Amino acid sequence: MGGRPRSSLAGLLVALVVAAGCAVGGVSEPEGQQPAPPRPGGGSSAGAERTRADGTTSVAEFRQDVADAQSIAERYWAAQFRASGQRFRPIRRIIPYQRAGEVSCGGQPLPRNNAVYCSAGDFIAYDVNWSVAAFRQVGDAFVFYLLGHEYAHGVQARLGIRYSYTIQQELQADCMAGAYLGDSVRAKALRLADGDLEEFREGLLAVGDAPDQPWFAEGAHGTAEQRTESFFRGYERSLAACDLS
């Protein structure tokens with residue numbers, strides 16, 4: 001047990017656990033998120049860079065945050081399933097990619113500026129350049145939200161949850177991501193630093209639908225306000241607020 005001496009979300013009290021497995025193409029469930037505006041001089045170089053939120057951030061720190069967020073998500077959902085008498089199966093793999101089409105899901109190439117849970121292949125894939133740019137601009141809390149949201153889609157698949165409209169699936173995943181983070185903070189598996197809650201808000205603002213996006217459209221995720229409300233409802237009230245029953 002232990003954690004890195006960081007002044008932000010990644011001050012963890014849990015050991016790192018990384019799920020292994022191989023990715024197989026399946027039914028695509030692209031998240032369609034709008035990318036956060038990149039910082040000037042951003043990108044995925046291995047060097048450190050100044051950022052408003054957390055001081056110094058590097059790709060190495062980003063990768064560690066992804067591993068930490070995955071570890072906490074696996075432990076959290078394993079405990080939730082165990083409490084309900086079920087066995088939890090971790091998501092098989094988390095795959096970073098750099099180019100459009102580098103990873104496919106069900107024969108559909110994944111685009112840039114995106115993060116996806118692929119149900120048939122049971123993997124999460126994300127554009128590492130976009131994610132690192134958002135990490136540097138918004139802060140490390142964005143990484144924990146992003147992985148929490150995609151992991152929630154994996155849990156939905158395990159529970160057989162499928163709504164008629166995309167927006168219902170997405171807002172529930174936001175709520176579940178909030179519950180995973182809020183419960184982990186309350187259980188002291190995760191420590192928030194000053195500014196982390198605001199980072200969550202900024203990250204949600206970056207991935208909201210355009211105001212004129214019809215709520216019933218395929219791929220709709222919800223406005224920034226809807227996504228923020230769903231996330232913090234789960235964060236404050238846990239899974240009971242996420243309509244899982």
Side-chain angles (χ1 to χ4, degrees), residues 16-35 44 59 62-82 86-132 134-135 142-177 179-181 207 217-222 242 244:
L16 301 182
V17 179
V18 180
C22 60
V24 181
V27 178
S28 180
E29 294 177 346
E31 295 309 308
Q33 292 135 325
Q34 297 300 313
S44 59
V59 168
F62 169 83
R63 290 171 178 161
Q64 186 66 63
D65 283 341
V66 171
D68 292 346
Q70 179 182 359
S71 171
I72 295 176
E74 289 176 357
R75 294 165 69 96
Y76 175 75
W77 288 112
Q80 299 303 315
F81 273 59
R82 186 165 56 248
Q86 301 180 65
R87 181 178 177 274
F88 176 69
R89 177 172 49 87
I91 288 174
R92 295 178 66 192
R93 194 174 181 190
I94 297 180
I95 308 171
Y97 65 91
Q98 298 187 50
R99 297 179 302 278
E102 183 179 344
V103 176
S104 295
C105 182
Q108 180 178 341
L110 301 184
R112 294 181 58 200
N113 301 332
N114 210 345
V116 173
Y117 169 68
C118 179
S119 58
D122 193 33
F123 64 83
I124 292 169
Y126 63 91
D127 179 338
V128 66
N129 294 316
W130 167 69
S131 301
V132 168
F135 165 66
F142 177 82
V143 177
F144 285 77
Y145 159 72
L146 181 66
L147 190 133
H149 176 92
E150 299 306 335
Y151 219 101
H153 282 314
V155 174
Q156 288 172 326
R158 283 152 173 72
L159 296 176
I161 297 172
R162 190 69 186 177
Y163 285 99
S164 300
Y165 296 100
T166 306
I167 192 171
Q168 296 170 295
Q169 202 90 5
E170 299 301 333
L171 291 179
Q172 184 184 60
D174 281 336
C175 181
M176 293 164 69
Y180 133 74
L181 288 164
V207 297
E218 180 65 28
H221 284 56
C242 299
L244 289 173

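From a predicted model like this one, the values you see are computed outputs, not experimental measurements.
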Exercise for review: Kindly write out the residues that satisfy side-chain hydrogen bond (donor to acceptor under 3.5 Å, both in side chains) with Gln172, not counting sequence neighbours, or none if the list is empty.
Suggested key: Gln156, Tyr163

Revision key, fill the gap. For Arg89, the side-chain hydrogen bond (donor to acceptor under 3.5 Å, both in side chains) test, sequence neighbours excluded, returns Asp122

Revision key, fill the gap. Rounded to the nearest 0.5 Å, the CG atom of Leu110 sits from the CD atom of Gln108 at a distance of 7.0 Å

Check your understanding: So which heavy atom on Leu171 is nearest to which on His221, and how close?
Key -> CD2-O, 3.4 Å

Review point. Do Met176 and Leu244 have side-chain heavy atoms sitting under 4.5 Å apart?
Key: yes

Exercise for review: Take Leu159 and Gln86 through the side chain to side chain contact (heavy atoms under 4.5 Å, CB included) test and state the conclusion after the steps.
Suggested key: CA-CA 10 Å; Leu159 296 176; Gln86 301 180 65; 4.3 Å; yes

Study note, to complete from the structure: On a heavy-atom basis, the closest approach of Ala152 and Ala173 is CB-O, 3.7 Å

Practice item. Check for a donor-acceptor pair, side chain of Arg93 on one end and backbone N or O of Ala125 on the other, with a separation under 3.5 Å. Key: no

Exercise for review: Determine whether Phe123 and Val116 make a side-chain contact, defined as any pair of heavy atoms from C-beta on separated by less than 4.5 Å.
Suggested key: no

Review point. Looking only at heavy atoms, which two atoms of Ala73 and Leu147 are closest? And how far apart?
Key: CB-CD2, 4.1 Å

**Study point:** Nearest heavy atoms of Pro109 and Ser104, plus distance in Å
**Key:** CA-OG, 3.7 Å

Review point. How many angstroms lie between CZ in Phe135 and CZ in Phe144, if you round to the nearest 0.5 Å?
Key: 9.0 Å

Practice item. Compare all side-chain heavy atoms of Tyr97 with those of Val128 and state whether any distance is below 4.5 angstrom. Key: no

Point to revise | Pairwise distance CD(Glu102) to CD1(Ile95) - rounded to 0.5 angstrom | key: 9.5 Å

Revision key, fill the gap. For Phe88, the ring-ring contact (aromatic ring centres under 6.0 Å, His included) test, sequence neighbours excluded, returns Phe81

Exercise for review: Supply the atom-to-atom distance Arg82 CZ to Arg87 CZ, rounded to the nearest 0.5 angstrom.
Suggested key: 11.5 Å

Exercise for review: Over 60° means perpendicular and under 30° means parallel, so classify the ring planes of His149 and His153, tilted if in between.
Suggested key: perpendicular

Review point. Is the backbone N or O of Ile91 less than 3.5 Å from a side-chain atom of Tyr151, with the two atoms forming a donor-acceptor pair by type?
Key: yes

Review point. Where does the angle between the aromatic ring planes of Tyr126 and Phe62 fall among parallel (under 30°), tilted (30 to 60°) and perpendicular (over 60°)?
Key: perpendicular

Revision key, fill the gap. Of all heavy-atom pairs linking Glu150 and Ile124, the shortest is CB-CD1, 3.7 Å

Check your understanding: Closest approach of Leu146 and Ser131, non-hydrogen atoms and distance?
Key -> CD2-OG, 3.9 Å

